[in-house]
Student: 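Could you have a look at this structure, given as structure tokens, before my questions?
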Amino acid sequence: MTLPFLQITGLNKSYATPVLENTHLDISAGKVHALMGANGAGKTTLCNIICGITPADSGYMQRLGRPYQPDSILDAHHAGIRMVMQELNLIADLTVAENLFFERLPTRYGILNLEQLHTDAATLLHTVGINELSPSQKVGDLGIGQQQLLEIARALALPCQLLILDEPTAALSDPQVDLLFNNIKRLTAAGTAILYISHRMEEIKRIADDISVLRDGHTVFSGSAEIVSTQTLISHMAAPLDESAQGETTPAKTKPALRLRGIGRNERLRGIDLDIQYGEILGIAGLMGSGRTELLRAIYGADQINEGKIYPDVDKQPLKLKSPVDAVAHGIGLIPEDRKQQGVFLTQSIRFNVSFLSLNRLTNRWGWIDRVGEHKVIQQQIEALSIKCDSLDQPAASLSGGNQQKLSIARWLIRDCPILLFDEPTRGVDIHTKSQIYGLLRAQAAAGKAVVVVSSENSELTGLSDRIAVMSNGFLTATFEQGDWTSELITAAAFRGFDAARQSVHDK
Amino acid sequence: GGGNSETTTVKEKPIVALIVKSLANEFFVDMADSARAHQAAHADDYELIVNGLKDENDLSQQVTLLEQMTARGADIIVVAPADSKALIPAIKRARQSGVIVVNIDNQLDRDLLAEADIQVPFVGPDNRAGARLAAEHLATKLSAGDQVAIIGGIATAFNGQQRQLGFEDAMAAADINVVSTQAGNWEQARASSIASAMIAEHPDLRALLCSNDSMAIGAVAAVRQAGKTEQIQVIGYDNIGAARELLSQGDILATVDQYGDQLAIYGIEYGLQILRNGHVPADKQTPVRLVTADHL
Amino acid sequence: MLIRIADFLGRDFLGLVLVLCVLIVFFGLSSDYFFTALTFATMANQLPALLVVAVGMTFVLIIAGIDLSVGSVMALSGALLGFVLVELQWSIPYAIIACLSLGLLCGFGNGFVVARWGIPSFIVTLGMLEIARGGAYLVTGSQTLFIGSKVQWISAPLPLLSVSSGFVAAMIVVILGQIMLSRTVFGRHMIAVGSNDEAVRLSGISVRSIRVKVFCLAGFLAGVGGLFQVGYLQSADPNAGVGLELSAIAAVVIGGTSLAGGRGSVINTLLGVLIIAVLQTGLAQIGASEPSKRVITGVVIIAAVIVDVLRHRSGGIARYFKAFRRTP
Amino acid sequence: MLIRIADFLGRDFLGLVLVLCVLIVFFGLSSDYFFTALTFATMANQLPALLVVAVGMTFVLIIAGIDLSVGSVMALSGALLGFVLVELQWSIPYAIIACLSLGLLCGFGNGFVVARWGIPSFIVTLGMLEIARGGAYLVTGSQTLFIGSKVQWISAPLPLLSVSSGFVAAMIVVILGQIMLSRTVFGRHMIAVGSNDEAVRLSGISVRSIRVKVFCLAGFLAGVGGLFQVGYLQSADPNAGVGLELSAIAAVVIGGTSLAGGRGSVINTLLGVLIIAVLQTGLAQIGASEPSKRVITGVVIIAAVIVDVLRHRSGGIARYFKAFRRTP
Ligand SMILES: Nc1ncnc2c1ncn2[C@@H]1O[C@H](COP(=O)(O)OP(=O)(O)OP(=O)(O)O)[C@@H](O)[C@H]1O
Ligand SMILES: Nc1ncnc2c1ncn2[C@@H]1O[C@H](COP(=O)(O)OP(=O)(O)OP(=O)(O)O)[C@@H](O)[C@H]1O
Ligand SMILES: [Mg+2]
Ligand SMILES: [Mg+2]
């Protein structure tokens with residue numbers, strides 16, 4: 001038997017409570033090793049230890065049979081280990097090319113060689129197959145999906161022996177996922193080991209050679225992907241799925257909540273007509289950059305629309321939404337896709353994050369915040385969404401990525417808004433909590449609220465929605481009622497916007 | 001260490017607190033140094049604490065210092081006030097707790113002192129007369145109708161105002177035209193840029209009258225830059241070391257010495273005298289002296 | 001109970017208390033007169049202006065802003081107080097209202113420009129620093145206006161207590177400030193704006209109005225500072241408060257409030273102000289020379305923050321020294 | 001070609017040029033002598049100290065730091081220069097080396113404490129402000145040291161040109177600074193640290209060493225400023241540069257450098273410095289009164305930044321006015 005590339009034995013790490021306990025993992029060259037586990041199981045922590053970003057308390061790592069003890073990320077780089085982190089870590093004020101080659105910017109006589117930098121970057125993006133990015137774009141202007149692609153391209157820029165991908169597809173849609181998988185195949189063929197973390201079951205099935213499951217920091221399963229069933233994996237991660245939540249729903253009686261007519265904004269939204277109704281879940285599908293986020297932000301007043309109107313109901317005056325303040329006053333809420341920049345208050349406590357939107361309901365008659373009432377409300381949400389934490393005063397930054405995502409959902413769920421817009425609500429959330437969240441969303445719809453969900457995972461939308469609208473290149477290209485859709489139809493609609501754009505150019 | 005207020009009654013030597021405006025200003029540094037020298041020579045007679053303000057114009061810090069020195073158990077406070085009125089309430093409080101106060105350098109407002117019903121002897125120079133001396137000397141080098149400009153201190157400063165008045169008196173008497181008056185806030189660099197602007201705006205300018213020597217140094221730099229060293233004369237005030245060098249080079253025409261080193265000593269001796277016999281002496285006008293290259 | 005108090009006080013402040021104690025003991029040993037009631041009463045009565053200004057600054061720093069204009073605004077509102085009392089012979093209550101309103105107005109000006117155009121508060125308040133100072137010169141005609149005993153009650157010792165009503169008022173401001181910060185919705189909103197303003201905006205809460213309110217508050221408290229200052233000096237000095245902004249910021253940051261926003265405590269600001277006051281008083285009492293005063297003040301400012309940072313960072317200084325030895 | 005120049009200059013700077021032109025035209029109309037060679041030559045020769053200090057400040061702001069100590073450090077290194085020339089009779093080259101090294105050392109002190117303990121640079125440099133000022137008093141014995149013609153060559157007009165070698169040197173610093181910022185790896189690293197230091201750390205690049213280097217540079221340039229200042233005044237004044245930090249920051253921010261880090265341009269800092277210099281000179285030439293000088297300076301500082309922000313925000317001022325009319 002050949003020596004594994006990286007052998008991890010008896011690793012321990014605790015913060016307030018233990019995070020990793022006696023964890024072990026063998027990663028072999030040329031194979032994709034999937035690492036699974038519920039939110040807060042310790043996956044990211046394990047990767048950080050492998051890369052020398054976090055020190056382990058105790059334990060032992062061997063790289064090709066030799067002891068491996070990284071003190072910094074540089075040590076990991078020297079050992080041929082690179083990582084795409086769960087959270088984006090790009091430099092917003094630099095360009096795509098500069099971010100790609102940040103550690104080794106080319107110079108001539110001490111002066112930056114920008115021409116070479118841009119050629120190198122273009123070559124790299126071409127090899128990797130990412131055509132969405134141009135080398136001279138400023139990273140701050142990119143959407144979150146594009147930033148994720150850039151992160152991946154960065155990791156692919158240099159040869160390495162172990163590539164760790166921590167939820168690389170959380171913000172990607174299908175074509176980009178295929179692209180990533182092609183690259184992964186290319187790398188494994190060349191002998192690179194891949195440690196792949198994802199909460200998406202079907203990806204794991206497609207790509208994994210070996211699978212390990214972490215549960216509360218213990219390695220509870222390790223084995224070959226071929227012999228293990230999905231059910232087994234899920235039961236290893238946590239208690240078995242509560243199937244009742246997955247069941248079909250009968251659409252409640254619906255009535256119009258918002259009617260969008262001819263919404264347009266800077267070529268990114270073009271003439272969108274859409275009805276949002278109380279009592280149903282409307283899914284919005286589309287490829288990366290198709291304008292779904294833009295649409296939700298426009299409805300929410302976060303960006304100003306150039307054309308079109310939003311009516312609250314037939315025969316009513318259009319809404320004037322100059323800012324989110326107006327939207328909230330009309331009972332609209334938005335859960336943004338970029339939790340780090342727009343969602344959570346990273347430096348503040350869990351308490352602060354969860355109760356933030358409902359403070360006015362939690363004050364006593366002196367205007368003081370009622371701490372006991374606040375505590376109760378928060379505790380409820382923590383259970384409903386299984387947020388894994390040690391105490392309510394822990395800063396949000398110390399939570400795992402998936403649990404941070406749950407914080408920004410929890411905040412809006414207790415706020416009690418009649419119209420809720422969710423942008424990629426389950427980004428980075430484990431499958432158990434996902435089904436819990438689906439249940440909560442359905443409950444909201446059943447209680448007569450209007451729920452809009454944007455997601456890059458079509459399977460999620462088909463399982464959850466009462467209706468699905470598809471966006472493509474800023475157009476709304478199709479709307480399907482429940483039962484009318486198939487995966488193929490949705491995909492076809494997701495590409496149709498490019499033809500439509502060409503068409504409109506031809507017409508002129 | 002760690003005494004308590006009981007010890008104040010049993011000490012032998014009186015404590016003299018000297019509170020000046022700024023110990024970052026050469027004039028007051030000289031004053032403090034000579035006071036320390038005096039104390040060293042009379043070590044058996046009294047103890048000395050010297051304090052200054054971080055910022056020359058910080059009245060509230062000076063009031064605080066007065067109170068702290070009272071708390072510190074000072075018997076005599078010799079103060080060069082940063083303002084002639086605002087300090088009077090604090091001085092009255094100090095007097096009421098039995099501290100002897102002597103006013104040096106900048107005279108407290110007499111009407112207010114009378115109103116507050118306290119007696120504070122004053123030892124100090126007449127800034128207006130001093131400024132007039134220098135300006136009169138300047139006038140001998142100019143002719144009637146010539147243009148000159150004044151660079152003053154911080155507008156609120158009493159001694160600055162007096163010096164400015166002295167300059168104006170002499171210029172008016174000699175029929176010389178003051179074409180511009182601006183505040184240089186006692187600072188070299190600021191005075192220099194103001195002087196440059198004045199020189200550009202008034203090509204026929206013949207002299208710059210500066211309310212202290214620091215500003216005169218800045219003005220000299222501006223004159224040199226403009227290449228008008230022959231045409232434009234500069235006068236200053238305070239007689240600091242650097243100014244004497246420029247005086248001997250002929251870059252500065254005159255400055256004024258008001259014996260800062262003597263002021264504090266007079267003040268301390270006044271205070272000790274009152275402490276000994278309870279008799280409050282009359283105010284004392286200290287001399288001012290014109291300094292020119294000939295006097296060096 | 002103790003936990004509730006600690007909780008109320010916001011965060012751990014032992015590092016600051018330690019620094020304060022070291023200073024007090026040091027000066028107590030160096031000077032025979034430091035440990036007297038009079039010394040402490042004097043200190044208490046000189047504090048109010050800096051203290052209320054620092055409380056306002058705490059809020060501004062919490063929303064990740066900065067206010068450089070406080071010293072000038074204090075001088076300007078004090079100048080107006082003096083002007084209406086001396087020149088226009090207004091009665092005390094109206095004069096006080098004018099003084100505080102002017103502070104509020106300057107604060108509103110800052111807040112409006114910051115919020116309306118998204119200009120960094122550093123530059124807006126730097127502009128206001130110049131404008132308000134010019135205004136103070138204008139109002140007073142560049143003279144110190146002597147007011148006299150009309151305003152003496154502000155700084156006169158209260159019967160029974162040996163401290164002034166200004167001091168008592170300032171302590172009330174501190175307590176109300178801390179309650180507002182840690183117990184009210186507005187307090188939470190301030191902290192939120194300082195830690196992630198985009199998230200606040202996307203929560204449908206008006207970031208602008210929070211910013212404007214906080215700057216108004218800081219301006220108002222600078223006006224209160226002006227009132228105290230005038231009461232203390234019994235005159236209105238247009239040069240008052242030059243450099244006050246830096247002392248106030250130093251006090252607030254020593255108190256552990258983050259310049260990056262999102263974190264702060266009013267009670268700790270009080271400790272920061274006390275550290276600065278004790279340092280100044282002590283150095284004056286031992287008659288330190290000007291250069292050494294400057295150097296010692298600088299060293300203490302840095303040291304106080306280092307001690308505080310270390311105490312918070314890794315559960316105590318001991319642990320830190322381990323880390324220090326490891327990294328070269 | 002034009003695009004390459006615009007690219008080199010970093011970002012669009014028409015808003016600033018506009019403000020500058022408005023000022024020049026205004027003063028040109030108000031004073032008969034503003035448009036003279038003399039006015040511009042004297043302005044050019046007074047600039048160098050502020051200019052080099054502002055260049056250093058630009059770098060510090062780009063890495064999201066701040067340096068309040070530049071004025072004091074300038075005074076301290078100038079004081080040392082005077083001291084070794086006058087008291088120790090060193091020769092000029094050694095004296096200059098001493099002066100610049102001391103600036104560098106102070107900068108290193110700032111950078112070391114900031115990087116080592118992660119203390120906010122605001123507070124560290126505020127401490128250094130006091131320490132260096134105290135040092136300047138110590139070195140000079142709180143006296144202005146007269147040096148004389150030994151150092152005159154720094155500010156004497158060069159043959160053929162009517163500007164001084166100090167000015168030429170300062171312009172070279174500006175050009176080298178801009179090249180370093182926009183054309184070298186270190187420049188990119190600075191921007192990156194200001195924009196997202198965590199990302200830089202995760203790239204395996206030492207954030208600490210970048211920070212230390214930038215503060216060293218700022219200290220060194222403050223030393224150069226001290227040299228220019230002493231050369232200009234032919235004497236070393238321990239009170240030099242009080243408040244210089246605020247002028248420098250104002251110039252840099254007017255030049256569009258972000259206080260939040262990650263964005264800035266040295267050339268635009270030059271424009272910012274010019275705006276401030278023209279304003280000062282112009283106001284002095286028209287003989288404005290002290291209060292109006294203050295108020296106008298404050299208004300121009302704020303207005304310059306507003307104009308610049310508007311030009312960048314939505315493609316021109318015209319568009320802004322439309323927006324303004326729409327929103328009440
Ligand atoms: N700095 C920290 N301080 C305290 N606790 C921490 C810290 N960092 C991580 N943790 C805790 O460690 C646990 C594991 O976190 P980790 O990020 O490794 O989870 P994960 O498996 O990657 O989850 P996810 O799927 O949500 O990304 C979590 O409970 C988290 O709260
Ligand atoms: N500030 C901006 N400047 C330039 N381009 C932008 C900006 N914001 C968004 N875009 C671009 O507009 C297009 C629509 O983006 P949007 O975020 O709405 O797409 P999306 O469907 O939500 O996809 P995803 O979130 O996966 O990127 C994208 O190409 C995006 O890069
Ligand atoms: Mg994770
Ligand atoms: Mg999106």
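Please read all numbers here as calculations on a predicted model, not as lab measurements. The sequence lines fix the lettering, A, B, ..., with proteins before strands; numbering per chain opens at 1.
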Student: Decide if atom CZ of C:Phe26 counts as having more than 12 heavy atoms of other residues, nucleotides or ligands within a radius under 6.0 Å.
Tutor: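 Result for CZ/C:Phe26: open.
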
Student: Where does B:Gln61 contact chain C at under 4.5 Å (heavy atoms): side chain, backbone, both or neither?
Tutor: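 Neither; nothing under 4.5 Å.
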
Student: What part of B:Leu112 gets within 4.5 angstrom of chain C, counting heavy atoms only: side chain, backbone, both, or neither?
Tutor: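 Looking at B:Leu112, just its side chain touches chain C.
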
Student: Measuring heavy-atom distances to chain B, does C:Gln229 have an atom under 4.5 Å in its side chain, in its backbone, in both, or in neither?
Tutor: side chain

Student: Which answer fits B:Val63, side chain, backbone, both or neither, if we ask what part of it has an atom under 4.5 Å from a heavy atom of chain C?
Tutor: both

Student: Which answer fits C:Ser235, side chain, backbone, both or neither, if we ask what part of it has an atom under 4.5 Å from a heavy atom of chain B?
Tutor: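 Answer is side chain: those atoms of C:Ser235 sit under 4.5 Å from chain B.
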
Student: Where does B:Leu65 contact chain C at under 4.5 Å (heavy atoms): side chain, backbone, both or neither?
Tutor: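 B:Leu65 touches chain C through side-chain heavy atoms alone.
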
Student: With a 4.5 Å limit on heavy-atom distance, are the side chains of B:Lys54 and C:Lys293 in contact?
Tutor: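 SC-SC contact between B:Lys54 and C:Lys293 ruled out.
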
Student: Which bit of B:Leu48 comes within less than 4.5 Å of chain C, counting heavy atoms only: side chain, backbone, both or neither?
Tutor: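 When you check distances to chain C, no heavy atom of B:Leu48 falls under 4.5 Å.
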
Student: Between C:Gln234 and B:Pro89, what is the shortest heavy-atom contact and its length?
Tutor: OE1-CG, 3.4 Å

Student: In terms of heavy-atom proximity below 4.5 Å to chain C, should B:Leu66 be classed as side chain, backbone, both, or neither?
Tutor: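 Contact with chain C is absent: no heavy atom of B:Leu66 under 4.5 Å.
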
Student: About how many Å separate CZ of B:Arg72 and OG1 of C:Thr281, when rounded to the nearest 0.5 Å?
Tutor: 13.0 Å

Student: May I ask you to check whether B:Gln68 and C:Gln46 show a side-chain donor-acceptor distance below 3.5 Å?
Tutor: yes

Student: Can you give me the closest heavy-atom contact between B:Ala71 and C:Gln285, atom names plus distance?
Tutor: CB-NE2, 4.4 Å

Student: Nearest 0.5 Å please: distance from the CZ atom of C:Phe146 over to the CG atom of B:Asp109.
Tutor: 8.5 Å

Student: Can you give me every donor-acceptor pair (side chain of residues 76-86 of chain C, partner residue at least two apart or in another chain, under 3.5 Å) with its distance?
Tutor:
{"unit_1": "C:Ser77", "atom_1": "OG", "unit_2": "C:Val73", "atom_2": "O", "d": "2.6"}

Student: Between B:Ala90 and chain C, with a heavy-atom cut-off of 4.5 Å, which part of the residue counts as in contact: side chain, backbone, both or neither?
Tutor: neither

Student: Keeping to residues at least two apart or across chains, list the side chain to side chain donor-acceptor pair (under 3.5 Å) pairs with something in residues 82-100 of chain B.
Tutor: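 For residues 82-100 of chain B, and leaving out neighbouring residues, the side chain to side chain donor-acceptor pair (under 3.5 Å) pairs sorted by first residue read B:Glu67-B:Arg93, B:Asp83-C:Thr144.
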
Student: Measuring heavy-atom distances to chain C, does B:Ile49 have an atom under 4.5 Å in its side chain, in its backbone, in both, or in neither?
Tutor: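 The answer is the side chain of B:Ile49.
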
Student: Given the options C:Pro291, C:Ala284, C:Ala49, C:Gly287, which has more heavy-atom pairs under 4.5 Å with chain B than any of the others?
Tutor: C:Ala284

Student: Working to the nearest 0.5 angstrom, can you tell me the gap between B:Asp55 CG and C:Leu244 CG?
Tutor: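 If we round to the nearest 0.5 Å, B:Asp55:CG and C:Leu244:CG are 11.0 Å apart.
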
Student: Could you measure the distance from the CG atom of B:Leu59 to the CG atom of C:Leu233? Nearest 0.5 Å is fine.
Tutor: 5.5 Å

Student: To the nearest 0.5 Å, what is the distance between OH (C:Tyr137) and CD1 (B:Ile154)?
Tutor: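 If I round to the nearest 0.5 Å, the distance is 5.5 Å.
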
